[in-house]
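Everything numeric in this text was worked out from a predicted model, so none of it was measured. Order of appearance sets the numbers: ligands from 1, and atoms from 1 within every ligand. Any value given below was found using the heavy atoms of this structure, including those in side chains, with hydrogens, waters and symmetry copies removed.
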Amino acid sequence: MAKAPAPSEIDWQNLGFNYLDLPYRFLAHYKDGQWDDGQLTGDSTLHINEGSTALHYGQADFEGLKAYRTKNGDIQLFRPDRNAARMQQSCDRLLMPSFPADKFIAAVKSVVKANADYVPPYGTGGTLYLRPLMIGIGENIGVHPAPEYLFTIFAMPVGAYYKGGVKPTNFTTSYYDRAAPHGTGQSKVGGNYGGSLLPGDEAHKAGFSDVIYLDPATHTKIEEAGSANFFGVTQNNEFVTPKSDSILPSITKYSLLYLAEHYLGMKPVEGDVYIDDLDRFTEAGAMGTAAVIAPIGGIEYQNQLHVFYSETEVGPVTQKLYDTLTGIQFGDVEAPEGWIQKIAL
Ligand SMILES: *Cc1c(COP(=O)(O)O)cnc(C)c1O
């Protein structure tokens, strides 16, 4: 595998969301009941036993967060404590040993600092995407928690999700479910994604950007998209997002619930969103770290496309939410207490 080009050779304006083998990643090993200190390493290949539970039984979870370059050249993280806490919850669900939150944040910072030249310049919209990952490894064949674990954090520069402005896309519903009612939908685990590849592929082939999954028990309520939570805006200035035990608690979602209330004067609502009651929304979108907000032009359900604001233009409230959150992440808008952590360079 070729190493990433030197930072001076990267076309920052045209970065996509692609793997790059950067100079450094963090790697820690859990054995005999404890984590070692971990270290930065140049080796992007993991050497693991063929019996590793991650390979057979899905004992694997992950996180996704970004480092942002500010106007004055600083580098900062957005709410990494929330990723640390969520990964601990995912680990608990899969009987994996959690990685201590303070060490998680320190390791994220060490990876950003070691690859600092790969954090895209301010103004390009690019960021350094960080991927913490834990897998069960070691000699094993039965269905048991693994005897050993690896925790790694690797990074890569990614481009602005939208070049030339935020644009809506259409989504569709599916016969398939993403997660079971009391399954692992709340946890950021690899297994949730394997099953989403087929419905996602069918949606893409039909011309939609992704699936809006319905609640697995009744198929009457919106749950979330493949890797982003759903919101709708009502005429009464409400910011509405589904509440369910089988959706992934998005940090972007909880941040936008707060900003809608405290920065935009909206009423935040977490509750049921029925798929046959979309007329209540004037705008809608999908929320997650990758795109921040992907505005939803329309949702196809039972062969009919329900259009919210417009299939081609982003709505004014969605744009304002997007500008506020990205403004905070890039350091241009004052953040609520505790949301930003600077990297000491
Ligand atoms: C990661 C993820 C999200 C988005 O969460 P953020 O913390 O906002 O990035 C939403 N849904 C699923 C299924 C996810 O895995």
Side-chain angles (χ1 to χ4, degrees), residues 17 58 60-68 77-91 93-94 101 104-105 108 127-134 153 155-156 158 161 171 173-174 176-181 183-200 203 209-216 221-231 239 241-260 268 270 273 284-296 318 321-322 324-326 328-329 339-341:
F17 192 83
D61 60 13
F62 68 99
E63 275 300 324
L65 69 162
K66 290 170 167 177
Y68 305 81
L77 298 170
F78 178 73
R79 310 190 80 179
D81 54 311
R82 303 316 310 153
N83 296 95
R86 188 171 63 188
M87 190 159 201
Q88 292 187 333
Q89 285 161 7
S90 299
C91 286
R93 182 64 180 80
L94 297 189
F104 177 102
I105 294 170
V108 167
T127 54
L128 187 75
Y129 183 77
L130 293 141
R131 171 53 60 86
L133 171 77
M134 195 187 295
I153 304 172
M156 65 207 67
V158 299
Y161 201 83
F171 287 61
T173 48
S174 177
Y176 295 106
D177 296 325
R178 189 190 78 88
T184 53
Q186 268 191 2
S187 311
K188 210 167 176 74
V189 302
N192 291 342
Y193 276 79
S196 75
L197 295 176
L198 175 63
S209 60
D210 198 3
V211 174
I212 292 281
Y213 291 97
L214 300 179
D215 73 290
K221 295 178 273 189
I222 288 183
E223 289 259 298
E224 66 168 316
S227 57
N229 284 183
F230 174 88
F231 76 88
F239 178 89
T241 185
K243 194 167 180 62
S244 154
D245 287 344
S246 45
I247 67 180
L248 194 285
S250 155
I251 296 162
T252 314
K253 187 251 300 282
Y254 287 112
S255 303
L256 286 169
L257 276 165
Y258 182 91
L259 297 177
E270 278 188 277
V273 175
M287 313 170 269
T289 296
V292 186
I293 294 177
I296 299 177
T318 303
L321 288 163
Y322 180 89
T324 305
L325 181 49
T326 54
I328 288 170
Q329 290 170 330
W339 280 22
I340 294 296
Q341 295 200 31

**Request:** Test I293 against F231 for side-chain contact (heavy atoms from CB on, under 4.5 Å), laying out the working first.
**Result:** CA-CA 10 Å; I293 294 177; F231 76 88; 3.7 Å; yes
**Asked** Quick check: are there more than 12 heavy atoms from other residues, nucleotides or ligands sitting under 6.0 Å from CZ of R79?
**Response**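 Yes - once you tally the heavy atoms of other residues, nucleotides and ligands closer than 6.0 Å, there are more than 12.
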If you have a sec, work out which protein heavy atom is nearest [atom] and how many Å separate them, to one decimal?
atom	value
atom 14 (C) of ligand 1	K188 NZ, 3.0 Å
atom 9 (O) of ligand 1	T289 OG1, 2.6 Å
atom 3 (C) of ligand 1	S227 O, 3.4 Å

Closer than 4.0 Å to some heavy atom of [X] - which atoms of ligand 1 meet that?
X	value
A228	10 (C), 11 (N)
Y193	12 (C), 13 (C), 14 (C), 15 (O)
R178	13 (C)

**Prompt:** For ligand 1, is there an N or O atom under 3.5 Å from any N or O atom of I251?
**Reply:**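 Such a contact does occur with ligand 1.
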Proximity flag [X] to ligand 1, non-hydrogen atoms under 4.0 Å:
X	result
G226	yes
R86	yes
G64	no

**SB check E63 R131 (cutoff 4.0 Å)** =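 Salt bridge between E63 and R131, a charged N being under 4.0 Å from a carboxylate O: no.
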**Test: R178 and E224 ion pair at under 4.0 Å** =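 A salt bridge links R178 with E224.
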**Request:** Give the contacting part of E224 toward ligand 1: side chain, backbone, both or neither, where contact means a heavy-atom distance below 4.0 Å.
**Result:**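 The part of E224 near ligand 1 is the side chain, not the backbone.
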**Message:** I need the contact type for S250 against ligand 1. Using non-hydrogen atoms and a strict under-4.0 Å cut-off, is it side chain, backbone, both or neither?
**Reply:**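 It is both parts that get close, each with some atom under 4.0 Å.
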**Item:** F62/Y193 aromatic ring centres below 6.0 Å
**Value:**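 That pair passes the under 6.0 Å test.
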**Item:** Ring centers of F230, F171 separated by less than 6.0 Å
**Value:**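 No, the ring centres sit 6.0 Å or more apart.
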**Residue pair S246, E223: steps toward the side chain to side chain donor-acceptor pair (under 3.5 Å) verdict** = CA-CA 8 Å; S246 45; E223 289 259 298; 2.7 Å; yes
**Least distance between heavy atoms, A203 atom then V211 atom** =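 Scanning both residues, the minimum pair turns out to be CB-CG2, 3.7 Å.
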